[in-house]
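Comments concern the structure below.
Per chain, numbering begins at 1; letters A, B, ... match sequence-line order.
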Protein chains: 2
Amino acid sequence: MDRGLVDVVRRFNRTVTQRVGALDDSYLARDRPLAQSRLLWEIGPAGAEVAALRTRLDLDAGYLSRLLRTLEGEGLVAVGPGEGDGRVRTARLTDAGRAEWGLLDGRSDDLAWSVLEPLSAGQRARLTSAMAEVERLLMASLVTIGPCHPGDPRARACLRAYARELAGRFDAGFDPAGSGVEDNELIPPAGLFLVATVSTEAVGCGAVRLPADEPAEIKRLWVSGTVRGLGVGRRLLDELERHAAAAGAGSVRLDTNRSLTEAMRLYRSAGYQEVPRYNTNPYAHHWFAKPLT
Amino acid sequence: MDRGLVDVVRRFNRTVTQRVGALDDSYLARDRPLAQSRLLWEIGPAGAEVAALRTRLDLDAGYLSRLLRTLEGEGLVAVGPGEGDGRVRTARLTDAGRAEWGLLDGRSDDLAWSVLEPLSAGQRARLTSAMAEVERLLMASLVTIGPCHPGDPRARACLRAYARELAGRFDAGFDPAGSGVEDNELIPPAGLFLVATVSTEAVGCGAVRLPADEPAEIKRLWVSGTVRGLGVGRRLLDELERHAAAAGAGSVRLDTNRSLTEAMRLYRSAGYQEVPRYNTNPYAHHWFAKPLT
DNA sequence: AGGAATACCTGACTATAGTCAGTCATCATG
DNA sequence: CATGATGACTGACTATAGTCAGGTATTCCT
């Protein structure tokens with residue numbers, strides 16, 4: 001624990017959070033209680049499912065319901081049935097609600113501008129790029145990695161995104177049906193499936209197979225675009241290797257497609273060496289292996 | 001109003017403020033209501049005057065008093081008479097309070113470390129430097145400049161700091177007594193005194209004399225170390241020149257000591273040219289003037 | 001088809017935050 | 001040494017946030 005760095009983070013938390021945060025709240029709440037304003041804001045012009053609002057704002061179901069009734073009473077929101085599932089209801093802004101939302105949106109712009117306005121052009125550029133950097137790296141530090149059943153909704157979401165991306169990037173497209181790995185090969189003790197999440201959203205995954213008679217094999221390493229370049233892939237890979245080593249594997253291998261250049265860069269920098277073809281995966285062009293200590 | 005920059009600031013406010021702020025609060029409040037924790041924290045091991053706490057936390061006097069009674073009731077705080085003014089009371093932590101404060105301090109460290117811990121060394125360095133940059137520039141944008149009576153406590157505080165600094169930097173020391181400018185020369189319409197403040201703290205000042213028979217003269221331009229390098233001096237100077245021009249001055253001049261190199265750099269970059277000695281100020285080595293449009 | 005789970009709702013609460021008017025001691029000022 | 005200002009305190013409030021135990025309709029699972 002580095003005192004100097006910790007102090008910078010503490011100072012930052014203190015000043016930025018309190019000054020900017022308090023300002024932000026006071027701008028959002030106009031006459032209305034803050035919780036109502038936040039909810040109105042979160043519903044947005046496109047509307048939102050009540051369930052989504054609950055998780056996004058982290059509110060008690062009863063409390064949220066009551067807040068929605070109040071906003072309905074003021075004629076700002078209408079809660080109606082959703083599209084598919086008949087239990088899920090959707091909150092939409094009325095015309096008056098949309099007008100109010102627009103007002104909040106404008107105030108939010110004003111607040112942001114009031115931060116930039118006193119600064120010179122050069123300072124504005126430095127401030128915004130530093131803000132973007134803080135945001136990205138804070139995002140990186142909020143990524144948590146943990147084991148997960150491959151049938152879990154978070155895992156499913158990752159695998160869907162993974163397949164969609166491969167389909168878009170491979171010259172020959174990609175058909176997930178023939179990927180040749182069963183879910184139960186990725187459940188301990190046969191293997192392990194990891195997801196990387198930010199709060200509740202899954203932003204990456206990776207798996208390792210641990211067959212009894214062959215080397216361990218990394219499968220389905222994927223990182224969402226929102227956190228790419230932040231070391232999440234490396235953390236997933238490290239964790240999978242650690243697990244394989246703990247399970248007694250002496251080495252680990254993997255295959256990849258020639259269009260996945262960042263992935264190959266990652267493997268090389270993580271100590272993988274290219275090896276001859278060891279399987280018949282039609283989508284693979286390169287095979288890598290790494291000894292485990 | 002630049003949309004792209006405004007959007008960056010809005011995103012930053014939204015994500016960083018809310019995520020970090022919420023985390024920070026939840027770490028600070030342990031069993032105890034947040035307001036109590038904040039107060040306990042703010043009192044600190046050194047103790048604090050009740051009046052200072054009120055302005056720092058921006059609390060209602062009655063509410064603060066009640067909070068102090070609660071903390072006293074829990075044996076964490078003792079409120080006693082202060083040093084000088086018998087009306088002002090001082091809150092001090094008891095031994096138990098100090099222990100509790102230490103706990104909060106430790107939790108604050110833990111929280112900061114939990115942000116850094118998942119990152120690589122390079123990322124940590126980048127994050128903390130970006131945080132420091134955001135903090136400094138945000139500070140710069142929080143600086144407000146306005147006119148002020150030279151007898152105002154904020155002005156007095158600045159002038160004291162100014163004199164202290166000059167005394168430290170001038171080869172021959174500095175005696176504020178013989179500075180030769182009366183307060184009433186710096187009050188409209190004879191002149192103007194400006195202070196730069198961050199919330200309630202004065203961080204800079206500057207004045208202009210507008211004698212009937214001579215050019216306008218800039219006096220007492222000073223910027224606190226906490227905001228130096230953030231363009232506050234430039235903003236003060238601009239504002240003073242604008243005022244002088246509006247009052248009909250055709251040019252403005254000033255003198256300075258050879259040890260004040262940043263100030264001279266500022267004057268030159270603001271369009272001032274060195275001119276021959278125009279007064280007998282014993283502390284001055286350089287004289288500058290600038291025509292006003 | 002029947003039971004478990006899910007999404008939302010209502011009623012009845014409690015806790016926390018914050019406000020306001022009025023009181024009392026102390027201090028600065030003429 | 002009266003007068004007004006200031007700092008802290010108390011009592012009596014209100015508003016906001018949040019919790020919890022049911023209850024109903026819908027969907028999922030087998």
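- At a cut-off of 3.5 angstrom, the base of C:dG11 holds at least one donor-acceptor pair with the side chain of A:R66.
- Within the structure, every pair that satisfies the side-chain hydrogen bond (donor to acceptor under 3.5 Å, both in side chains) test and touches residues 138-149 of chain A, not counting sequence neighbours, is listed here: A:T144-A:T197.
- Near-neighbour residues of DNA chain C inside residues 18-38 of chain B, defined by a heavy atom below 4.0 Å, number-ordered: B:P33, B:L34, B:A35.
- Per the geometry, CZ belonging to B:R89 stands 15 Å off C1' belonging to D:dT6, to the nearest Å.
- Note on residues 50-90 of chain B: no pairs pass ring pair (Phe, Tyr, Trp, His ring centres under 6.0 Å), not counting sequence neighbours.
- A:S65 and A:R69 share a donor-acceptor pair across their side chains, judged by distance under 3.5 Å alone.
- The main-chain N or O of A:V79 is found under 3.5 Å from a side-chain atom of A:E72 such that the two form a donor-acceptor pair.
- In terms of the side-chain hydrogen bond (donor to acceptor under 3.5 Å, both in side chains) criterion, A:D60 has no residue partners (sequence neighbours excluded).
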- Could you run through nucleotides 22-30 of chain C and give me one letter per nucleotide, 5' to 3': B if any protein heavy atom sits under 4.0 Å from the base, S if only the sugar-phosphate is that close, - if neither? ----BS---
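- Residue B:D105 qualifies as enclosed at atom CG: its count of foreign heavy atoms under 6.0 Å is above 12.
- Summary for the helix from C:dA1-D:dT30 to C:dG30-D:dC1: the axes at its two ends, each from 5 pairs, differ by 30° when rounded to the nearest 10 degrees.
- Annotation: proximity of residues 46-64 of chain B to DNA chain D (heavy atom, distance under 4.0 Å) is found for B:V50, B:A51, B:R54, B:G62, numbered in ascending order.
- With sequence neighbours excluded, no residue forms a side-chain hydrogen bond (donor to acceptor under 3.5 Å, both in side chains) with A:R54.
- The side-chain hydrogen bond (donor to acceptor under 3.5 Å, both in side chains) pairs that include a residue from residues 30-48 of chain B are A:R14-B:E42, B:R30-B:E100, B:R32-B:E74, B:R32-B:E100, B:E42-B:R56, where partners are two or more places apart or lie in different chains.
- In this view, A:R87 and A:D85 satisfy the side-chain hydrogen bond (donor to acceptor under 3.5 Å, both in side chains) rule, not counting sequence neighbours.
- A 6.0 Å sphere centred on CZ of A:R11 holds no more than 12 heavy atoms belonging to other residues, nucleotides or ligands.
- Of the charged side-chain nitrogens involved, at least one lies within less than 4.0 Å of a carboxylate oxygen, so that B:D95 and B:R98 count as a salt-bridged pair.
- For A:L71 and C:dC9, the CG to C1' distance is 16 Å, given to the nearest whole Å.
- Taking atom CG of A:L67 as the reference point, atom C1' of D:dG18 lies 10 Å away to the nearest angstrom.
- With sequence neighbours left out, B:R156 forms a side-chain hydrogen bond (donor to acceptor under 3.5 Å, both in side chains) with B:D183.
- A:T94 is linked by a side-chain contact (heavy atoms from CB on, under 4.5 Å) to A:A78, A:A96, counting only residues two or more places apart in sequence or in another chain.
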